[in-house]
Asks: 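Just passing along the structure, written as structure tokens.
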Amino acid sequence: MTDYNFAYLDEQTKRMIRRTILKGLAIPGYQVPFASREMPMPYGWGTGGVQVSAAVLTPDDTLKVIDQGADDTTNAVSIRRFFQKTAGVAVTEATAQASVIQTRHRIPEQDLREDQIIVYQVPIPEPLRFLEPSEVETRKMHSLEEYGLMHVKLYEDISQHGDIATAYAYPVKVEGRYVMDPSPIPKFDNPKLEMAGIQLFGAGREQRIYAIPPYTQVVSLDFDDYPFQPTKADHACGLCGAHDSYLDELIVDDEGGRVFMCSDTDYCATRRRAGHVGTHGTPFEEDAA
Amino acid sequence: MYVAVKGGERAIDNAHAWLAEERRGDPSVAELSVAQIREQLSLAVNRVMAEGSLYDPNLAALAIKQSRGDLIEAIFLIRAYRTTLPRFGGSNPVDTETMACDRRVSATFKDAPGGQVLGPTFDYTHRLLDFKLAADGEAGEVQTAPPHDARTPHIMSYLDREGLIQPEASDDAPPPDLTRSPLELPAARALRLQALTRADEGFILGMAYSTQRGYARNHAFVAELRIGAVAVEVDIPELGFAIEIGEITVTECETVNQFQGSKTQPPQFTRGYGLVFGMTERKAISMALVDRALRWKELGEDNLGAPAQDEEFVLYHSDNIQATGFLEHIKLPHYVDFQSELELIRKLRRDAQANMQEAAE
Amino acid sequence: MTPLLQVENIAKFYGARIGCADVSFDLYPGEVMGIVGESGSGKSTLLNCLAGHLVPDRGAVRFDTRTGGLRNTVTMSEPERRMLGRTDWAFVHQHARDGLRMNVSAGGNVGERLMAVNARHYAEIRTQAIDWLGRVEIMADRIDDRPTAFSGGMQQRLQIARNLVTGPRLVFMDEPTGGLDVSVQARLLDLLRGLVREMRLSAIIVTHDLAVVRLLADRLMVMKDGHVVETGLTDQVLDDPQHAYTQLLVSSVLQV
């Protein structure tokens with residue numbers, strides 16, 4: 001078996017992806033087409049994110065990979081192993097120690113810094129896709145800033161349900177120009193899209209990369225009288241007691257008893273290490289493997 | 001007291017170990033060799049090469065062994081491998097006119113120079129399970145004849161001489177490479193054909209079938225189906241001429257369809273074209289029918305709204321690696337998003353109940 | 001005074017057949033031009049060429065844009081034409097289904113053009129939508145219904161509301177009363193007449209129905225076999241037709 005190039009992709013491919021990333025950063029929120037490569041994991045399982053990470057990783061980086069906010073979910077494990085094998089980079093579960101974070105469906109609770117890059121895995125990059133199935137048509141709509149249809153959808157939600165009925169992948173307007181799908185993060189995470197870190201979005205199967213440079217304006221779409229609200233479950237974390245983090249709901253017994261826990265496992269562990277305890281938790285010790 | 005669940009790494013390792021065991025199957029049964037697959041399951045090998053876009057029967061056979069016979073999984077292995085291969089350049093277009101035909105049939109003429117050569121086809125077999133094969137699969141003696149040396153000209157060239165076939169637009173520019181640049185629409189014919197040749201056979205078969213049943217009906221005649229070996233030649237700048245680097249087997253299908261509704265031209269036949277690695281007939285014929293259906297615009301025909309005419313629909317959903325990846329990804333955890341849906345629906349229901357109570361009062 | 005629309009030698013061919021040819025006229029702000037003729041006269045082809053739905057083979061269509069003066073819309077880029085279509089121009093289709101989003105509520109249909117030009121207050125959009133529904137005589141309690149639940153006449157009135165809500169300067173109408181019951185037609189025409197006057201709209205209306213042009217149009221063009229055979233003030237042309245074909249048309253109208 002031949003040796004792999006650093007991070008699997010050949011240098012030409014990485015160059016192509018980096019050029020695409022630069023275009024994306026130059027036009028925040030605009031979806032740049034790129035020639036996605038077949039990767040050793042299936043399309044739909046993070047190939048876009050993996051290609052972006054592979055293009056930006058250097059041997060000195062420290063990589064964190066999370067899925068649903070957790071480091072230990074199977075797909076995060078699989079991707080982290082892939083990079084350990086093909087790039088040999090240091091890996092970590094601690095958000096504060098990572099220089100590159102690849103994520104599926106969450107933004108870490110802890111604020112990111114200017115020296116950090118976060119790479120999002122994106123299934124469907126086109127925010128208008130379910131309103132207008134044709135790619136040819138949606139590209140026109142973006143180039144002409146024809147976003148009326150997006151607001152019509154929000155209007156319809158309010159008229160039917162009394163409120164905007166989008167809970168995740170909540171569309172945003174970037175730097176006042178492009179409407180963008182932030183990937184299927186819960187709307188609770190939308191305010192974090194204005195951050196100090198560099199944000200890169202990779203959609204492998206759909207062959208698009210887009211980006212948000214640091215300190216870019218990102219506004220969630222709403223109406224003046226139905227303002228955007230980043231809601232979460234009205235509970236605290238059962239393990240660490242946090243009130244301000246996004247929570248997973250777990251069913252723990254046959255009667256349907258529930259426990260709520262931080263989705264961001266590193267955030268939770270950090271709090272528990274600092275001595276915080278929730279109603280269901282015991283003081284911190286290394287959890288059973 | 002709840003303890004956070006961990007153990008993803010260990011679960012994956014155990015899953016892979018069990019997978020290896022299942023792949024081997026009953027250890028008292030002889031292990032399948034790559035050579036056996038290559039020789040005796042060659043049509044599966046062909047499909048994997050065609051849709052994997054890589055001509056290497058040994059690798060394809062290995063992929064089939066590794067994937068336990070799941071051909072789409074095998075195609076995935078080949079595609080991923082292909083990504084890592086360095087590119088030295090492009091070959092010249094293969095000249096199917098010089099093909100040494102193992103099989104060559106035409107539905108449009110009873111006979112033509114080169115003859116109707118059935119080749120090793122299933123076509124006229126009776127589909128009766130042959131239980132003898134379970135015990136003894138030896139082929140027995142086959143009669144041979146001296147190979148016929150004369151060239152086998154394309155049937156289309158005879159029709160062309162009469163001016164009956166609409167001439168193809170000729171373009172010497174190198175065609176775009178679907179694996180190197182993103183698919184953008186509208187797609188030129190060269191790009192569409194590329195996408196079709198590596199597309200899922202079942203999907204293209206279904207699309208082709210739909211055109212025969214009235215969804216963009218254009219009655220296709222198989223002018224020619226030929227299968228055989230062709231030389232692959234590469235131009236070497238240092239030498240100043242092209243050299244043959246090997247031989248591949250391809251299946252080529254040309255269909256003839258009637259042209260309708262032209263503004264200024266008298267009627268001419270138009271073509272559909274299919275070309276696939278290996279002996280892969282069903283795919284080549286399907287490809288020709290779908291190619292023709294997608295040409296409606298350049299031929300001045302009406303868009304009947306048929307799925308096979310919709311370039312975006314066909315090209316975006318024909319790649320089975322993309323399709324299976326996205327389909328199967330729904331097995332991955334989605335509980336974070338589901339949680340936010342739960343919260344939203346609970347809130348909306350609370351609001352609705354409050355409104356109903358107010359109204360009742 | 002600058003014409004709002006200046007049409008010069010528009011022609012469209014289908015092979016050897018003439019769709020329309022040698023059509024020229026000027027349209028001024030506040031004017032309504034009727035184009036009449038029977039099926040096959042070329043009137044719909046002409047309308048589609050003017051509105052940018054078809055590319056004419058010859059000629060120019062100059063529109064007095066807000067910022068750029070008279071611009072030839074035939075040679076405009078598609079983005080610019082689409083922008084015109086969302087702001088200064090409106091198109092009322094013969095079949096309401098072609099001009100509405102059938103899977104969006106009436107309120108959403110009317111509100112869309114407002115939202116496309118950055119209206120961002122739900123209650124205000126809804127108020128404006130209710131107001132416009134009222135102006136086209138649709139009850140406010142239908143605002144959340146989909147057009148599929150409306151009668152043909154109501155769908156047509158909804159289409160009109162959707163088009164006029166942002167105050168376009170030029171409205172193209174293709175057989176606006178086609179396929180509707182007679183009493184419904186009368187009501188619709190009355191409504192259109194009122195709106196055109198009130199909003200000082202310019203309009204180009206294609207129809208085979210002389211009663212429509214009598215009621216709505218200031219000027220008239222009669223088309224036959226792709227050519228304009230007669231043109232003039234509506235009343236003059238209808239009361240005193242000069243061309244044999246116009247005379248035929250006028251005399252063919254059934255008196256009830």
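Sequence lines set the chain letters: A, B, ... in the order given, protein chains first and strands last, and positions in each chain run from 1.
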Asks: Flag the one option from A:G238, A:G162, A:S134, A:S78 with the top tally of heavy-atom pairs under 4.5 Å to chain B.
Replies: A:S134

Asks: For chain A, find which of B:L178, B:L342, B:I12, B:L185 contributes the most heavy-atom pairs closer than 4.5 angstrom.
Replies: B:I12

Asks: With respect to chain B, which residue among A:Q207, A:Q68, A:R139 yields the maximal number of heavy-atom pairs within a distance under 4.5 Å?
Replies: A:Q68

Asks: Work out which heavy atom in A:S263 is nearest to a heavy atom in B:V336; give both atom names and the distance.
Replies: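 In this case the closest contact between A:S263 and B:V336 is OG-CG2, 4.0 Å.
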
Asks: Look at A:E249 together with B:R346 and state whether they make a salt bridge at an N to O cut-off of under 4.0 Å.
Replies: yes

Asks: Does NZ belonging to A:K23 count more than 12 external heavy atoms closer than 6.0 Å?
Replies: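 For A:K23, atom NZ is not crowded (no more than 12 foreign heavy atoms under 6.0 Å).
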
Asks: Checking B:I345 against chain A: side chain, backbone, both or neither under 4.5 Å from a heavy atom?
Replies: neither

Asks: Should we count CZ of B:R349 as having more than 12 external heavy atoms under 6.0 Å?
Replies: no

Asks: Might you confirm whether atom OH of B:Y55 has over 12 heavy atoms from other residues, nucleotides or ligands at distances under 6.0 Å?
Replies: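 For B:Y55, atom OH is crowded (more than 12 foreign heavy atoms under 6.0 Å).
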
Asks: Go through the atoms of B:Y335 and report whether side chain, backbone, both or neither lie under 4.5 Å from a heavy atom of chain A.
Replies: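 Looking at B:Y335, backbone and side chain both touch chain A.
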
Asks: Given a strict heavy-atom distance threshold of 4.5 Å, which part of A:R106 is in contact with chain B: side chain, backbone, both, or neither?
Replies: side chain

Asks: Using a 4.5 Å cut-off on heavy atoms from C-beta on, say whether the side chain of A:F188 contacts that of B:S340.
Replies: no

Asks: Can you tell me which portion of B:D351 sits under 4.5 Å from chain A's heavy atoms? Options are side chain, backbone, both or neither.
Replies: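 The answer is neither part of B:D351.
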
Asks: If we define contacts as heavy-atom pairs under 4.5 Å, which of A:M39, A:H105, A:E135 has the most with chain B?
Replies: A:E135

Asks: What verdict does the side chain to side chain contact (heavy atoms under 4.5 Å, CB included) test give for A:R80 and B:E9, after you've listed the backbone C-alpha separation in whole Å, the side-chain angles of each residue and the deciding distance to 0.1 Å?
Replies: CA-CA 10 Å; A:R80 188 168 54 246; B:E9 298 222 12; 3.8 Å; yes

Asks: Need one label for B:E343: side chain, backbone, both or neither, based on atoms under 4.5 Å from any heavy atom in chain A.
Replies: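 Contact with chain A: side chain only.
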
Asks: At their closest point, which heavy atom of A:F260 faces which heavy atom of B:Q339, and how far apart are they?
Replies: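 Result for this residue pair: CE2-NE2, 3.9 Å.
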
Asks: Report which part of A:M16 has an atom under 4.5 Å of a heavy atom belonging to chain B: side chain, backbone, both, or neither.
Replies: neither

Asks: Decide whether B:H334 and A:R104 meet the rule of one side-chain donor and one side-chain acceptor closer than 3.5 Å.
Replies: yes

Asks: Under a 4.5 Å heavy-atom cutoff, which of A:G69, A:A167, A:G46, A:G204 has the most pairs with chain B?
Replies: A:A167

Asks: Once side-chain contact (heavy atoms from CB on, under 4.5 Å) is applied, do any residues pair with A:N190, and if so which ones, sequence neighbours excluded?
Replies: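 Expected list: A:Y170, A:V172, A:P182, A:I185, A:L193, A:S220, A:F228.
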
Asks: State, to 0.1 Å, how close B:T83 and A:D10 come at their nearest heavy-atom pair, and which atoms those are.
Replies: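 The pair with the smallest heavy-atom distance is O-OD1, 4.3 Å.
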
Asks: So for B:Y316, is it side chain, backbone, both, or neither that comes closer than 4.5 Å to the heavy atoms of chain A?
Replies: side chain

Asks: Which residues in residues 317-333 of chain B have any heavy atom lying under 4.5 Å from a heavy atom of chain A?
Replies: B:D319, B:I321, B:Q322, B:G325, B:F326, B:E328, B:H329, B:K331, B:L332, B:P333

Asks: For the NZ atom of A:K187 and the CG atom of B:D337, what is their distance to the nearest 0.5 Å?
Replies: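 Answer for the NZ-CG pair, A:K187 versus B:D337, is 12.5 Å.
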
Asks: Determine whether B:R180 and A:R37 satisfy the following criterion, side chain to side chain contact (heavy atoms under 4.5 Å, CB included), listing intermediate values before the conclusion.
Replies: CA-CA 8 Å; B:R180 294 273 135 167; A:R37 298 284 189 259; 3.5 Å; yes

Asks: By a 4.5 Å heavy-atom criterion (distance strictly below it), what part of A:I124 contacts chain B: side chain, backbone, both, or neither?
Replies: side chain

Asks: Under the rule for side-chain hydrogen bond (donor to acceptor under 3.5 Å, both in side chains), what residues qualify as partners of B:Q353, not counting sequence neighbours?
Replies: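 None.
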
Asks: Under 4.5 Å heavy-atom distance to chain A, tell me which part of B:E312 shows up: side chain, backbone, both or neither.
Replies: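 Contact with chain A is through the side chain of B:E312 alone.
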
Asks: Which heavy-atom pair separates A:D72 from B:G8 by the least distance, and what is that distance?
Replies: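 Heavy-atom minimum between the residues: OD2-N, 3.1 Å.
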
Asks: The test is salt bridge (Lys or Arg N to Asp or Glu O under 4.0 Å); show your working for B:D13 and A:R81 and say whether it passes.
Replies: CA-CA 11 Å; B:D13 288 336; A:R81 274 196 180 166; 2.9 Å; yes

Asks: Minimum heavy-atom separation for A:P40 and B:A80, please, with both atom names.
Replies: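 Nearest heavy atoms, A:P40 then B:A80: CA-CB, 4.2 Å.
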
Asks: Output all residues satisfying side-chain contact (heavy atoms from CB on, under 4.5 Å) with B:T179, sequence neighbours left out; order by chain, then residue number.
Replies: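 Applying side-chain contact (heavy atoms from CB on, under 4.5 Å) to B:T179 gives B:R82, B:R87, B:D177, B:R198.
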
Asks: If you measure from OG on A:S36 to CG on B:L183, what distance do you get to the nearest 0.5 Å?
Replies: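 Taking OG in A:S36 and CG in B:L183, the distance rounds to 12.0 Å.
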
Asks: Do A:T231 and B:K347 make a side-chain contact, defined as non-hydrogen atoms from C-beta onward lying under 4.5 Å apart?
Replies: no

